[in-house]
Amino acid sequence: MASIELADRNLRLALLDEVYTERVDDYYWLSSLREDYAAYRASAGGPDWDDLLQRLGIDHMPELEEFLLTLPLTSEDVAQVADLCLDGDREIYTLYPGWWHFGRHFSIASLDGIGQCTGLVDLDLNSMVEACSLAPLAELTELRHLRVDAAQRYSGLDVIATLPALTELVVVNNAMAEGNEEWLDVMSALRARGVSVHSW
């Protein structure tokens, strides 16, 4: 099956982390890629695998990041993702120690393509997702629980009110939403549908 396309490389890396964590049933999944890396290194070159592992979490490793971006991520892979929390707690971010203080290296600036996660039920747009359009969420027809940070000033908020399976919306940094008519309209429309809306 062909690898899927995603507009944002950092969304791809976050999904790779989610898929591989589940596949090897271990948060620390990077060490399971020795054979994949050997095949990659045979054609692309690069440091020895053991050297990379010794540097993991200590040095910035763009060469390992580039290798990870060559790993296939198929529609079947992402269709299995039911819960996705886009926060900073992922092993993949150890590729760039201190990345949060160096231009937010892994921040996600586009959700285009997230609709390929057809089985997604629970989505937390946490600290890794910058202000962007939420329009791509329209394709998540199975999504039941959504957590959004109002401080991010997302566009396309109206799509939230159209999500057919949504049963719960959590809005954090509610002070940013209180004066925003679009947010108030979305929350009002959802409450009228019987969706549980929580904000703080």
Side-chain angles (χ1 to χ4, degrees), residues 1-37 39-40 44 52 56-57 60-97 99-100 103-149 152 154-156 159-160 163 165-166 170:
M1 191 173 289
S3 188
I4 64 168
E5 296 299 320
L6 292 163
D8 191 296
R9 64 185 272 145
N10 290 333
L11 178 58
R12 182 181 187 83
L13 287 171
L15 284 170
L16 269 171
D17 189 273
E18 188 71 27
V19 165
Y20 276 80
T21 298
E22 289 299 316
R23 186 176 293 172
V24 303
D25 194 25
D26 192 345
Y27 178 88
Y28 302 102
W29 59 272
L30 286 172
S31 60
S32 71
L33 298 175
R34 177 184 293 274
E35 291 182 14
D36 299 272
Y37 181 74
Y40 168 82
L52 288 180
L56 191 61
H60 295 169
M61 302 200 324
E63 64 271 55
L64 185 50
E65 183 178 345
E66 290 306 313
F67 156 64
L68 292 173
L69 286 165
T70 68
L71 293 174
L73 187 63
T74 69
S75 56
E76 184 177 34
D77 289 329
V78 297
Q80 302 301 313
V81 176
D83 304 303
L84 182 62
C85 181
L86 296 173
D87 65 2
D89 186 24
R90 295 197 171 277
E91 195 199 11
I92 205 164
Y93 300 148
T94 60
L95 299 176
Y96 208 107
W99 56 268
W100 194 271
R104 292 175 55 89
H105 181 75
F106 291 106
S107 293
I108 296 165
S110 172
L111 294 172
D112 288 350
I114 199 168
Q116 295 171 90
C117 299
T118 54
L120 198 57
V121 171
D122 195 322
L123 176 62
D124 189 339
L125 300 181
N126 205 298
S127 53
M128 297 308 301
V129 185
E130 297 181 342
C132 62
S133 173
L134 298 185
L137 302 186
E139 298 177 70
L140 299 175
T141 57
E142 301 301 315
L143 191 66
R144 294 181 202 146
H145 309 281
L146 175 63
R147 183 178 186 272
V148 185
D149 186 345
Q152 290 294 352
Y154 295 113
S155 62
V159 75
I160 298 172
L163 295 170
L166 198 67
V170 176

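In what follows, residues are counted from 1 in the order of the sequence shown. Both backbone and side-chain heavy atoms feed into the values below; hydrogens, waters and symmetry mates do not.
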Which atom names give the shortest non-hydrogen contact between S75 and I4, and what distance separates them?
-> N-CG2, 3.2 Å
Roughly how far apart are S31 OG and D26 CG, rounded to 0.5 Å?
-> 7.0 Å
Does the side chain of L137 come within less than 4.5 Å of L123's, by heavy atoms?
-> yes
Is it the case that D17 and Y93 place a side-chain donor and acceptor less than 3.5 Å from each other?
-> no
Do you know the tightest heavy-atom contact between S110 and L11?
-> O-CD2, 3.9 Å
Compare every heavy atom of G115 with every heavy atom of T118, then report the nearest pair and how far apart it is.
-> CG2-O, 3.7 Å
Output the distance between atom CG (L56) and atom CG (L95), rounded to the nearest 0.5 Å.
-> 6.5 Å
Under a 4.5 Å cut-off applied to non-hydrogen side-chain atoms, are N10 and L13 in contact?
-> yes
Less than 4.5 Å apart, any side-chain heavy atom of L15 and any of C117?
-> yes
Quick one: OG1 on T141 to CG on L166, what's the gap to the nearest 0.5 Å?
-> 12.0 Å
Heavy-atom side-chain contact between D87 and D124 under 4.5 Å | no
Can you tell if the side chain of Q152 reaches within under 4.5 Å of the side chain of L125, non-hydrogen atoms only?
-> no
Is there a side-chain contact between E63 and L52, using heavy atoms and a 4.5 Å cut-off?
-> yes
Separation of L33 CG from Y40 OH (nearest 0.5 Å) = 12.5 Å
Show the numbers, then the answer: is there a side-chain contact (heavy atoms from CB on, under 4.5 Å) between R104 and E130?
-> CA-CA 10 Å; R104 292 175 55 89; E130 297 181 342; 3.7 Å; yes
Worked check of side-chain contact (heavy atoms from CB on, under 4.5 Å) between V19 and Q80 | CA-CA 8 Å; V19 165; Q80 302 301 313; over 6 Å; no
Look at atom OH of Y27 and say whether more than 12 heavy atoms of other residues, nucleotides or ligands are closer to it than 6.0 Å.
-> yes
Identify, with sequence neighbours excluded, every residue that meets side chain to side chain donor-acceptor pair (under 3.5 Å) alongside Y20.
-> R23
Just how far is it from atom CG of L140 to atom CD of Q116, taken to the nearest 0.5 Å?
-> 10.5 Å
Given L30 and T94, is the side-chain contact (heavy atoms from CB on, under 4.5 Å) satisfied, shown in steps?
-> CA-CA 10 Å; L30 286 172; T94 60; 4.1 Å; yes
Which distance, rounded to the nearest 0.5 Å, do you find between the CD of E142 and the CG of L163?
-> 11.0 Å
On a heavy-atom basis, the closest approach of W29 and T21 is CD1-OG1, 3.2 Å
Can a donor-acceptor pair be found between the side chains of S3 and R12 at a distance below 3.5 Å?
-> yes
Which heavy atom of A135 sits nearest a heavy atom of V159, and at what distance?
-> O-CG2, 3.9 Å
What closest approach, in Å, do D112 and L6 show between heavy atoms, and which atom pair accounts for it?
-> O-CD2, 3.8 Å
Just wondering, do S133 and Y154 contact through their side chains at under 4.5 Å, heavy atoms?
-> no
Taking C-beta and beyond as the side chain, do F106 and R90 meet within less than 4.5 Å on heavy atoms?
-> no
